[in-house]
Asks: 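I have a structure here, written as structure tokens, and I will follow up with some questions on it.
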Amino acid sequence: MADTQLQDKVSTGAPRRRFDPWLVGAAVFFVAAAALSAAPALKAGPTTLAGLLLLLGVAGVAVLGLVAIRGSALSGGDADQAEGFIEALGEPAALAAADGRVLAANAPWREVMGEQRRLPKGVAGSSLFAALVQARKGEMADGVLSAGGIDYTAKVSRLAGGRLLIRLLPIIVAEPVVEDASPAPVAERAAPPPSSLDAFAGASPFGAALLEGLEPFTSRVLETNPALTTMTGAKAGVLFGDLIDAGSRAEAETRLNEGRAGPYEVRLARDPARIAHLYLYRAEGRLVAYMIDVSEQKQIELQLAQAQKMQAIGQLAGGVAHDFNNLLTAIQLRLDELLHRHPVGDPSYEGLNEIRQTGVRAADLVRKLLAFSRKQTVQREVLDLGELISEFEVLLRRLLREDVKLITDYGRDLPQVRADKSQLETAVMNLAVNARDAVRAAKGGGVVRIRTARLTRDEAIQLGFPAADGDTAFIEVSDDGPGIPPDVMGKIFDPFFTTKPVGEGTGLGLATVYGIVKQSDGWIHVHSRPNEGAAFRIFLPVYEAPAGAVAVQAVAEPAKPRAARDLSGAGRILFVEDEDAVRSVAARLLRARGYEVLEAADGEEALIIAEENAGTIDLLISDVIMPGIDGPTLLKKARGYLGTAPVMFISGYAEAEFSDLLEGETGVTFLPKPIDIKTLAERVKQQLQAA
């Protein structure tokens, strides 16, 4: 379509005005009507006043009509002007409809994207469709589009008529800056040999030392200022190299011998965890060494790098889990169909059941990835902290075995929290199991302690929650094991990182805990010292129920229907899913249970079907993330055709990702992927019964 439209350009690049027979016909008939209206005046004689006025009025109307028709003809060329504009752009550019259809494109776009008639779906264009949705609201939006192994920044803006202009700009990766090795390793000055540190160096907040030779690491210290003495414990007469950790000293010596300029990053022999920058100043026959403690700066840099790495891994895990959920849903639905044909006793039943169990394990792995990436579906409820742990304590005692003692310590005035109960239990269980494994591996047994409390702001800050604001709910899982080594501390929340032997851990336990706590708007802190055990501290916001909330909730929320045993039913269902394997199998299985199912591959097709069957659809089942019109947008556009019919959304993403788009909607439920036919049929029957 883009090529056909672009062929209408003249050689200069300007759009050619197209012949419109409808406008020409309208102009001819309008002139004829004006002539016929003037006929009575001409017959009566234009010399009369009435005839003259009639002729003047008819002439004025004819002129105005022709001007209006000409304006319509010119405005009809807006599309050509827009196409000519994108053809003149140097970067890849295209005009697209709101549903992702490419209306027109310039030559650079076709070189990058080929002759595709629609914008790419899936991972290549997942963030682009989010930008299209934002641009439809009139805002400038940016997305990422992958083509030919290259990522482009897609800038999307809205044009007249609801069309969208997309321009592609390559993402430029900054080249690494190569250090210039030309400067001398130490500063050269033509000055007399200093006999002592000057007053400035002596009173400076950074360390300074006067060395007797020109080789810094083999020279003796003649004088130090108080800051260096406090930092390293240096005194006059010691070798300066002895103040620096052996490993970092060797690296600094190598850089110095290669002629590389300072500063040199070194670790202190007194405390290898502290990092300093070393500067050398050369005078006649002697050196002055300056050391600046940058330990806090390095710690902040490491924390920032760790946070960015965790965020990137979380985004990757969430994207992979979303696509994998679709595959698992198709596999599970197909297995349900095969198990129905091959029941217990059939030779194929055992093999199919093993495949099903493997699918369940894969779904559990996906749930852990979603929990880590904070995109897992949560069902928040108000929980009493003490009751939560006490109910869970019986199961924990069975998990910890006889050689590990469990001690629980419940504080006073325990608060309520608003979180997902199963997720919070999973987090505490993972921490308790890790503590059990640590004490059993170190000394064959030990003590695991779980403590709950209500903390004030100052207490929370003291225990490791720097952003505490008011009272905080507190859960601590600690042990008396060997503790966590310092070199491992920065990696414990990384997915798939584990210190356990091969085959004894997946490396997702602490990563899952991290994701659950963050998704619950909480904070997690680890306190550990060698041979003193480790303590994982979870801080959660305290839930304060507003006045009258309980009474209103009791009236507003009807009793949930019981799970249906008979999974058959009747009703017309509109099933919207862009994944063909999921949609076709689910629709076939629902039809086998008595339902009439109308299938739609995207939001546009679903909107047409809803309009054709207005008032007769009993239930809408829709995916959330779809190219073009997404699930919430489809609901808003089709609500007039659906009436009061209930709506069920299915998705691999967390419900919180799109719940704000459903403001004002009623009768909406959510079913997370992967799904099986039993769960789907139960929910369908519950929704139809409730309606």
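Bear in mind the structure is a predicted one, so any value in this text is a computation, not a measurement. Here, residue 1 is the first one in the sequence, and each next residue gets the next number. FYI, side chains are in, hydrogens and waters are out, and symmetry mates aren't considered; it's all heavy atoms of this structure.
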Asks: What distance separates Ile492 CD1 from Ile484 CD1, expressed to the nearest 0.5 Å?
Replies: 4.5 Å

Asks: Taking the side chain as every heavy atom from C-beta outward, state whether Leu431 and Leu510 have any atom pair closer than 4.5 Å.
Replies: yes

Asks: With rounding to the nearest 0.5 Å, note down the distance linking CD1 in Ile450 to CD1 in Ile475.
Replies: 9.0 Å

Asks: Measure across Thr229 and Thr224 and return the closest heavy-atom pair with its distance rounded to 0.1 Å.
Replies: OG1-OG1, 3.1 Å

Asks: Taking atom CZ of Phe240 and atom CG of Leu278, what is their separation to the nearest 0.5 Å?
Replies: 5.0 Å

Asks: Do Thr408 and Tyr410 come close enough that some side-chain heavy atom pair is under 4.5 Å?
Replies: yes

Asks: Tell me, do Phe539 and Leu455 make a side-chain contact under 4.5 Å, heavy atoms counted?
Replies: yes

Asks: What I want to find out is whether Arg440 reaches Asp403 closely enough, with some N-O distance under 4.0 Å, to be called a salt bridge.
Replies: yes

Asks: Is the shortest distance from a Lys or Arg side-chain nitrogen in Asp521 or Arg418 to a carboxylate oxygen in the other one below 4.0 Å?
Replies: no

Asks: With a 3.5 Å distance limit and no angle check, can you tell me whether Ser478 reaches the backbone of Ala534 through a side-chain donor-acceptor pair?
Replies: no

Asks: What's the shortest heavy-atom distance between Leu256 and Pro216, and which atoms?
Replies: CD2-CG, 3.6 Å

Asks: Specify the closest pair of heavy atoms between Ala289 and Leu280, including all atoms of both residues, with the distance to one decimal.
Replies: CB-CD2, 3.9 Å

Asks: Kindly check if the number of other-residue, nucleotide or ligand heavy atoms within 6.0 Å of CG (Asn257) is above 12?
Replies: yes

Asks: If you apply the rule side chain to side chain contact (heavy atoms under 4.5 Å, CB included), what do you find for Val439 with Val447, and how did you get there?
Replies: CA-CA 8 Å; Val439 297; Val447 177; over 6 Å; no

Asks: Testing the basics here: between Leu400 and Ala432, what is the closest heavy-atom pair and its distance to 0.1 Å?
Replies: CD2-O, 3.7 Å

Asks: Provide the closest heavy-atom pair for Ala419 versus Leu424 in the form atom of the first, atom of the second, distance.
Replies: CB-CD2, 4.4 Å

Asks: Would the distance check show the side chain of Asp242 and the main-chain N or O of Ala269 forming a donor-acceptor pair, the cut-off being under 3.5 Å?
Replies: no

Asks: Measuring from atom CE of Met291 to atom CG of Leu228, what distance do you get when rounded to the nearest 0.5 angstrom?
Replies: 6.5 Å

Asks: Just wondering, more than 12 heavy atoms not from Glu251 lying within 6.0 Å of its CD?
Replies: no

Asks: Does Glu577 reach the main-chain N or O of Glu579 with its side chain, forming a donor-acceptor pair under 3.5 Å?
Replies: yes

Asks: Quick one: are Leu540 and Ile538 in side-chain contact, heavy atoms under 4.5 Å?
Replies: yes

Asks: State, yes or no, whether a side-chain contact exists between Pro263 and Tyr290 at a heavy-atom distance under 4.5 Å.
Replies: no

Asks: Quick one: CD on Glu393 to CD1 on Ile407, what's the gap to the nearest 0.5 Å?
Replies: 11.0 Å

Asks: Assess the residue pair Asp336 and Lys678 against the criterion (side chain to side chain contact (heavy atoms under 4.5 Å, CB included)); give the C-alpha distance rounded to whole Å, side-chain angles, the decisive distance to 0.1 Å, and a yes or no.
Replies: CA-CA 8 Å; Asp336 289 335; Lys678 180 180 179 182; 6.0 Å; no

Asks: Short question: side chain of Arg537, backbone of Leu463 - any donor-acceptor pair under 3.5 Å?
Replies: yes

Asks: Looking only at heavy atoms, what is the nearest atom pair of Leu243 and Ala234, with distance?
Replies: CD1-CB, 3.5 Å

Asks: Under the side-chain contact (heavy atoms from CB on, under 4.5 Å) test against Asp480, which residue among Arg449, Lys405, Lys443 passes?
Replies: Lys443

Asks: Under a 4.0 Å threshold between the charged nitrogen and the carboxylate oxygen, would Asp293 count as salt-bridged to Arg274?
Replies: yes

Asks: Just by modelled atom types, is the Gly241 backbone N or O under 3.5 Å from a matching donor or acceptor in the Arg249 side chain?
Replies: yes

Asks: In Å and rounded to the nearest 0.5 Å, what is the CG to CZ distance from Leu338 to Arg334?
Replies: 7.0 Å

Asks: I'd like to know if the side chain of Asp458 pairs up with that of Thr456 as donor and acceptor (distance under 3.5 Å, no hydrogens or angles considered).
Replies: no

Asks: Evaluate the criterion side chain to side chain contact (heavy atoms under 4.5 Å, CB included) for residue pair Val433 and Arg436; output intermediate values, then yes/no.
Replies: CA-CA 5 Å; Val433 169; Arg436 176 202 68 187; 3.5 Å; yes

Asks: Ser520 side chain to Gly522 main-chain N or O, any donor-acceptor pair under 3.5 Å?
Replies: no

Asks: A side-chain contact here means heavy atoms from C-beta on lying under 4.5 Å apart; do Thr472 and Trp523 qualify?
Replies: no

Asks: Heavy-atom distance under 4.5 Å between the side chains of Arg451 and Phe474, does that happen here?
Replies: yes

